[in-house]
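Hydrogens, waters and symmetry mates are skipped; everything else that's a heavy atom, side chains included, is used. Residue numbering restarts at 1 for every chain, and letters A, B, ... go by the order of the sequence lines.
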Amino acid sequence: MTKKQRYEHVLNFFQEHIPDAETELIYDNPFQLLVAVILSAQCTDKRVNLTTPALFRKYPTPQKMAAADFDDLFPLIRSISYPNNKTKHLIGMANMLLEKFNGQVPMTVDELVQLPGVGRKTANVITSVIDEQPNMAVDTHVFRVSKRIGLVSAGASTPLAVEKELIRHIPEHMVHRAHHWLILHGRYVCVARNPKCHECPLTQWCKYYETFVAPYAGQD
DNA sequence: ATCCCGAGGG
DNA sequence: CCCTCTGGAT
């Protein structure tokens with residue numbers, strides 16, 4: 001099967017079977033989304049949404065957050081993973097917004113990744129969600145699923161390499177939805193350990209299934 | 001026990 | 001490339 005056919009089958013399947021409503025981060029401006037995405041590393045969106053209302057109430061703007069005291073901000077995000085790092089990142093990020101970006105959230109990946117706590121994945125989320133740029137944020141799910149089902153070559157060993165391959169093959173207007181579908185599929189079916197291949201309708205096009213599951217079918 | 005839509009530093 | 005950070009849900 002050609003790579004082109006593989007993409008057609010997979011994207012078509014996602015379009016028909018995966019709903020695109022799910023728990024998502026709550027925000028009402030770019031600054032709030034940036035904060036929420038920084039907080040979301042290794043943490044569920046649900047828990048982030050539980051902490052952000054109080055955080056945004058106390059630090060509604062980059063100006064307020066830049067002036068925040070570590071010991072005042074920390075308790076507000078104490079229940080999230082890596083509260084120490086994230087407190088430093090938020091205050092540092094807000095300061096750089098003021099110093100380098102005129103108090104505005106920049107809207108290019110190259111500028112965003114300069115901010116403390118903002119890596120390529122976060123920058124791609126911000127630019128694709130806020131500005132509808134056709135960027136693909138490669139998190140752990142997208143990385144794993146893309147490789148398993150053969151959307152990218154097995155040799156793509158970094159998130160950046162996977163990102164570039166996906167972008168090359170997915171039509172621009174589908175990038176955002178494809179991102180969401182890959183995440184949902186990875187979260188509920190194509191999970192990291194013991195993927196639920198028995199309930200996956202993609203097995204007939206899946207490299208992982210072909211190599212690691214099908215040859216052992218019937219054995220136990 | 002193992003996993004969550006990672007980033008920074010060595 | 002590796003390691004560390006680090007809480008909550010299941």
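- A:Glu165 and A:Ser153 share a side-chain donor-acceptor pair at under 3.5 Å.
- Spacing between atom OH of A:Tyr82 and atom P of C:dC3 amounts to 14 Å, rounded to whole angstrom units.
- Phosphate proximity of B:dC5 to A:Arg187: present, with a side-chain N or O under 4.0 Å from OP1 or OP2.
- If you measure from atom CE of A:Met93 to atom C1' of B:dG8, you get 16 Å, rounded to the nearest angstrom.
- Mapping A:Thr44 and A:Ala123 onto DNA chain B by nearest heavy atom places A:Thr44 closer to the 5' end of the strand.
- For A:Lys121, counting side-chain heavy atoms from C-beta on, the closest listed nucleotide (B:dA7, B:dC4, C:dG7) is B:dA7.
- Protein atom CD1 of A:Ile77 is 12 Å distant from nucleotide atom C1' of C:dT6, rounded to whole Å.
- Following rounding to the nearest Å, A:Ile126 (CD1) and B:dG6 (C1') show an atom-to-atom distance of 13 Å.
- Not a single donor-acceptor pair under 3.5 Å links the side chain of A:Asp131 to the backbone N or O of A:Ile126.
- With C:dG7, B:dC4, B:dC5 as the candidates, the nucleotide lying closest to the side chain of A:Gln42 is B:dC4.
- Looking at A:Arg187, its side chain never comes within 3.5 Å of a backbone N or O of A:His141 through a donor-acceptor pair.
- Of the candidates B:dC5, C:dC5, B:dT2, the closest approach to any side-chain atom of A:Arg193 belongs to B:dT2.
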- Message: Quick one, A:Val125 with A:Lys121, criterion side chain to side chain contact (heavy atoms under 4.5 Å, CB included). Give me CA distance, side-chain angles, the key distance, then yes/no.
- Response: CA-CA 6 Å; A:Val125 170; A:Lys121 180 255 166 181; 3.9 Å; yes
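- Among the protein residues, A:Pro116 comes within range of the sugar-phosphate backbone only, with heavy atoms under 4.0 Å from sugar or phosphate atoms but none that close to a base.
- Here A:Leu115 lies in heavy-atom contact (under 4.0 Å) with sugar-phosphate atoms only.
- Within 4.0 Å of A:Ile80, counting heavy atoms only, lie sugar-phosphate atoms of the nucleic acid but no base atom.
- Residue A:Thr140 places its side chain closer to B:dG6 than to any other of B:dC5, C:dG7, B:dG6.
- A:Ser79 comes within 4.0 angstrom of sugar-phosphate atoms only, judged by non-hydrogen atoms across all strands, and of no base.
- Note on A:Arg47: a side-chain N or O is less than 4.0 Å away from OP1 or OP2 of C:dA9.
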- Message: Before you tell me yes or no, could you show the steps for A:Leu112 and A:Val105 under side chain to side chain contact (heavy atoms under 4.5 Å, CB included), namely the whole-Å CA-CA distance, both residues' side-chain angles and the distance that decides it to 0.1 Å?
- Response: CA-CA 8 Å; A:Leu112 282 164; A:Val105 177; 4.0 Å; yes
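- The gap from the P atom of B:dC5 to that of C:dT4 amounts to 24 Å, rounded to the nearest Å.
- Regarding A:Ile183, its CD1 atom lies at a distance of 11 Å from the P atom of B:dC4, rounded to whole Å.
- B:dC3 and C:dT6 have their C1' atoms separated by 13 Å, given to the nearest Å.
- One can place CG of A:Leu39 at 14 Å from P of B:dC5, the figure rounded to the nearest angstrom.
- Among the heavy atoms of the strands lying under 4.0 Å from A:Val118 are primed sugar atoms or P, OP1, OP2 only; no base atom is included.
- Contact annotation: A:Asn84 side-chain N/O to C:dT6 OP1/OP2 distance is under 4.0 Å.
- For the residue pair A:Asn102 and A:Gln104, no side-chain donor N or O sits within less than 3.5 Å of a side-chain acceptor on the partner.
- Between A:Thr122 and B:dA7 there is a side-chain N or O to OP1 or OP2 distance below 4.0 Å.
- In this structure, the NZ atom of A:Lys46 is 12 Å from the P atom of B:dC5, given to the nearest Å.
- Distance, A:Asn85 CG to C:dC3 C1': 13 Å, rounded to whole Å.
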